[in-house]
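Right, one structure below, let's go through it.
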Amino acid sequence: MQRPVPDLMHGTVDVLVLRTLAWEPMHGYGIAQFVRARTDGHIAIESAALYQALHRLEAKKLVRSTWGLSETKRRARFYELTPAGRKELRAQSSDIKAYVAALFSVLDAR
């Protein structure tokens, strides 16, 4: 029996979006698919949470968007990282890595 996909920790969606966009500009569906594929399905970003994060990141000027055509020739909004977004990604990545290290120090305690 397959275990359910756990809910994401608060703030995780933003850093996942930023990290995904560090690879290349993508539309929302592409971001969700990238994260799901990269984590073998262990992390799934719900559409509502994804688009809330994208709007929040765009308002903070960490990403910018332009209209283009998707692989299926449909009109889609593509998001890309800004220089401020790259800086924020580095900061958030460091914070999350420190948090995970601390978490494992408790989980692996003997």
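Side-chain N or O atoms of Ser105 include one that pairs as donor or acceptor with a backbone N or O of Ala102 at under 3.5 Å.
Listed by first and then second residue, the side-chain hydrogen bond (donor to acceptor under 3.5 Å, both in side chains) pairs that reach into residues 43-55 come to none, sequence neighbours excluded.
Using a 4.5 Å cut-off on side-chain heavy atoms (C-beta onward), Leu18 and Glu88 make contact. Proximity of Ile43 to Arg36: side-chain heavy atoms (C-beta onward) are nowhere separated by under 4.5 Å.
Distance check, rounded to the nearest 0.5 Å: CD1 of Ile96 to CG of Leu103 gives 12.0 Å. The distance from the CG atom of Leu89 to the CG atom of Leu21 is 9.5 Å, given to the nearest 0.5 Å.
Looking at residues two or more places apart in sequence or on another chain, you find a side-chain hydrogen bond (donor to acceptor under 3.5 Å, both in side chains) between Thr72 and Ser70. Every residue was checked against the side-chain hydrogen bond (donor to acceptor under 3.5 Å, both in side chains) condition with Arg38, not counting sequence neighbours, and none meets it. Not a single side-chain hydrogen bond (donor to acceptor under 3.5 Å, both in side chains) links Thr39 to another residue, sequence neighbours left out.
Residue Asp14 is tested with Arg19, Arg56, Gln92 for a side chain to side chain donor-acceptor pair (under 3.5 Å); the sole match is Arg56.
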For a side-chain contact (heavy atoms from CB on, under 4.5 Å) check, start with the C-alpha distance between Asp95 and Tyr99, then their side-chain angles and the critical distance, and finish with the verdict.
CA-CA 6 Å; Asp95 292 347; Tyr99 178 81; over 6 Å; no
Donor-acceptor pairs under 3.5 Å, side chain of residues 23-33 to any protein atom, not counting sequence neighbours: which ones?
unit_1	atom_1	unit_2	atom_2	d
His27	ND1	Gly30	N	3.0
His27	NE2	Glu71	OE1	3.2
His27	NE2	Glu71	OE2	3.3

Could you list the donor-acceptor pairs under 3.5 angstrom formed between side-chain atoms of residues 75-86 and any protein atom two or more places apart in sequence or on another chain?
unit_1	atom_1	unit_2	atom_2	d
Arg77	NE	Ser65	OG	3.4
Glu80	OE2	Arg64	NE	3.4
Thr82	OG1	Lys61	O	2.8
Thr82	OG1	Leu62	O	3.1
Thr82	OG1	Ala84	N	3.4
Thr82	OG1	Gly85	N	3.0

